[in-house]
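Beneath this line is the structure, given in structure tokens, with notes to follow.
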Amino acid sequence: MSAPNAAPSKASRASTDDLARTCSQVRRDIIRMVHAVQSGHPGGSLGCTEFMVALYFKVLRHDPAHWSMDGAGQDLFFLSNGHISPVWYSVLARSGYFPVKELATFRRLDSRLQGHPTTHEGLPGVRMASGSLGQGLSVAIGAAMAKRLNGDPHLVYSLHGDGELQEGQVWEAAMSAAAHKVDNLIATVDWNGRQIDGDVDQVMPLGDLPAKWRAFGWDVLEMNGNDLVDVLRGLDDARSRTGRGRPVAILMRTEMGQGVDFMTGSHHWHGVAPNDEQAARALAQLPETLGDY
Amino acid sequence: MNPFPKLDEKDTRSGFGAGLLEAGQRDPNVVALCADLTGSLKMDAFAKAFPDRFVQVGVAEANMMGIAAGLTIGGKVPFTGTFANFSTGRVYDQIRQSIAYAGKNVKICASHAGLTLGEDGATHQILEDIGLMRMLPGMSVVVPADFNQTRQATLAIAVHEGPVYLRFGRPKWPVFIPADMPFEIGKAQVLVRGTDVSIFACGHLVWRALQAAEALQAEGVRAEVINVHTIKPLDVAAVLDSVQRTGCAVTCEEHNRHGGLGDAIAQVLACHRPTPQEYVAVDDVFGESGTPDQLLRKYGLDTPDIVAAVQRVLKRK
Ligand SMILES: Cc1ncc(C[n+]2csc(CCOP(=O)(O)OP(=O)(O)O)c2C)c(N)n1
Ligand SMILES: [Mg+2]
């Protein structure tokens, strides 16, 4: 079966300045969504904003208006660390997968924007439930294998937390991707050094992470996930390494809570919602560039 | 009148945290393990008091179950702590082989069970865990009703020999069981005496059952309310004694209608004393995000749902 090639999405001509403006709006969305329902995960969401914006507005070859579960002829993305749903929902809405105003339903009864992403309510852009950590890399490998079987040259991207890497299944998956030469896959790790109970180094150290991924047979590169220019460079580099017989891992250094000064520097804001005063202080640091939902 | 007035509002997981600390003080063999949810499980007090007896395993529940099983070989009494979903479904075979089949004295302590977990949604709201755990030979399943009882249950399982699944929840919830009310694993508690219907409930829904009994009294229905805090081993004598007097049963649980308290009671009734029964349980669907009260209402686990189930079952007598 031959797969059609997706037209590059319109936004792919976005300049770095455009992307930076989008980041500011996405961060506003994250704060406003989590504040409105007094629950959800702002820390990792804020830290992964540049990556998610660069991916959805520049790098992915996708067509939000013609979303389908199978995604034939398009690049796919899987969010394995499902708790950072706010940043994903924001970039999905703002890149055209569903109406931006639907962000106001986040975590409320009868919403498609569940606390953790799900296919159950049929939200466009989401192809797998996540939230229970450690399962997404296996799924991404399966989807990448399906693309290969279908003769579809498009890529599969995935994102994982660094705390999430403590789940054994991640390493079962890593081993299998190398064994099966799944070289149309780019897995990125949000290497923020934080998780719920504290710093990753205190909770359960990951050791020499680049060496671990290399030892599992992956082509490994690093980038600064909070520097848009470096994110674009890193994603470009990663793409150029696909198709060479090895899966590609990006170890992405980020700061949890990036963009809101008082949310950085610790694990505290992993899953805590700002109160009214904190939300106002956060929003004052983030210009409204594309219009609030 | 509800003979159990609301004393306070507290989360049952805090009852676990309080009980765990006390259990640790009483027995130096008590050890605790957690998978990156120390605060959520209220295990911080234990971790602080007994840093050498607390094992942080990171986000690695399967490994946690295996280490817990190993710790019993050497006389330790391990308590594992994570959310109910990651305490059961996530690690079912580790529990099955290394704990249940091997007969190891591990206490699997599970918070954020059921719909009342709230906004995190269905990925975290396990509604199948009672069923999964009660199917394992030798596993005890304890689902206490409030803060005080969760504290008592934690102390009780610490001195009970054999694997136990202890299920509790996230939200603040009425405290109504007096702190000094006797608690025994496997002994159901008749909270309200009645003659017309037996309402069997566990966990958060015991409070709702008490409210339903009060509402029914105004309609002239005298409901008996039984707190079935231990689903396995089930207090068969208490179940039969009650339905023998009332002639019908309603079961209430924050769980799928398949496999939970309702099915455990139905099995007893079918085998020993066929009796009309109605279920108040989630109707074989997954949950969703929302506030605990919204979810209990939408999924038919609220006080009016218990009243309606009683009215239905009374007609079938
Ligand atoms: C299987 C599983 N265990 C535990 C949890 C609870 N949990 C949610 S996020 C998290 C910490 C994850 O750390 P990391 O992946 O580094 O994410 P970050 O805090 O950086 O956003 C944990 C333990 C979960 N969602 N799934
Ligand atoms: Mg992290």
Side-chain angles (χ1 to χ4, degrees), chain A residues 33-34 36-41 80-83 85 105-121 128-135 160-172 194-206 267-268 270-273, chain B residues 33-41 43-44 47-48 51 54-67 81-91 93-94 112 115 117-126 170-171 285-299:
Chain A
M33 288 162 74
V34 171
V37 286
Q38 284 298 295
S39 75
H41 299 78
S80 187
N81 46 339
H83 60 279
S85 58
T105 70
F106 174 61
R107 282 184 170 240
R108 295 190 195 275
L109 199 68
D110 299 321
S111 172
R112 298 197 292 180
L113 276 57
Q114 290 291 300
H116 295 78
T118 169
T119 57
H120 194 256
E121 281 75 20
M128 178 50 67
S130 62
S132 183
L133 293 168
Q135 305 188 24
H160 312 264
D162 51 0
E164 184 185 12
L165 302 184
Q166 292 156 356
E167 288 288 359
Q169 185 182 344
V170 176
W171 301 99
E172 297 174 23
R194 320 261 191 222
Q195 57 188 109
I196 292 185
D197 277 355
D199 290 350
V200 174
D201 276 346
Q202 285 162 7
V203 173
M204 183 54 62
L206 297 170
H267 61 101
H268 175 74
H270 158 91
V272 177
Chain B
L33 303 90
C34 188
D36 195 22
L37 287 169
T38 313
S40 297
L41 268 283
M43 296 171 89
D44 358 28
K48 197 154 172 254
F54 177 74
V55 185
Q56 168 67 266
V57 298
V59 196
E61 296 79 9
N63 188 37
M64 176 164 73
M65 293 303 165
I67 294 176
T82 179
F83 292 163
N85 185 26
F86 315 136
S87 293
T88 57
R90 178 78 184 196
V91 289
D93 192 48
Q94 282 77 15
H112 293 53
L115 290 174
L117 159 98
E119 290 84 352
D120 273 343
T123 49
H124 290 49
Q125 284 161 344
I126 193 161
R170 171 176 180 261
V285 291
F286 291 101
E288 65 176 281
S289 295
T291 66
D293 282 345
Q294 284 173 336
L295 293 166
L296 291 183
R297 219 171 300 134
K298 176 164 176 177
Y299 289 87

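Each chain gets a letter, A, B and so on, in the order its sequence line appears, and its residues count up from 1. Keep in mind it's a predicted model, so treat the numbers as computed, not measured.
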task: With a 4.5 angstrom heavy-atom cut-off, could you sort out which part of A/T118 is near chain B: side chain, backbone, both or neither?
output: neither
- prompt: Who are the side-chain hydrogen bond (donor to acceptor under 3.5 Å, both in side chains) partners of B/S40, not counting sequence neighbours?
  reply: none
message: As an exercise: rank A/Q38, A/Q202, A/H83, A/Q114 by heavy-atom pairs under 4.5 Å with chain B and give me the winner.
response: A/Q114
- request: List in chain and number order the residues that pass side-chain hydrogen bond (donor to acceptor under 3.5 Å, both in side chains) with B/K48, two or more places apart in sequence or in another chain; answer none if no residue qualifies.
  value: none
task: Indicate yes or no: at least one non-hydrogen side-chain atom of B/D120 is less than 4.5 angstrom from one of A/R107.
output: yes
- prompt: Hey, what's the ring geometry for B/F286 with A/H120, parallel, tilted or perpendicular (30° and 60° as the breaks)?
  reply: perpendicular
query: Can you name the nearest heavy-atom pair linking A/G115 to B/S289, along with the distance?
result: N-OG, 2.8 Å
Show me the side-chain donor-acceptor pairs of residues 55-67 of chain B shorter than 3.5 Å, one per line, residues at least two apart or across chains.
residue	atom	partner	partner atom	Å
B/Q56	OE1	B/D36	N	3.0
B/Q56	OE1	B/G58	N	3.0
B/Q56	NE2	A/D197	OD2	2.8

task: May I ask you to list the residues in residues 162-172 of chain A that approach chain B closer than 4.5 angstrom, counting heavy atoms only, ordered by number?
output: A/G163, A/Q166, A/E167, A/Q169
task: Please flag which part of A/S85 lies under 4.5 Å from any non-hydrogen atom of chain B: side chain, backbone, both or neither.
output: neither
Selection from A/V37, A/L113, A/I196 maximising heavy-atom pairs under 4.5 Å formed with chain B: A/I196
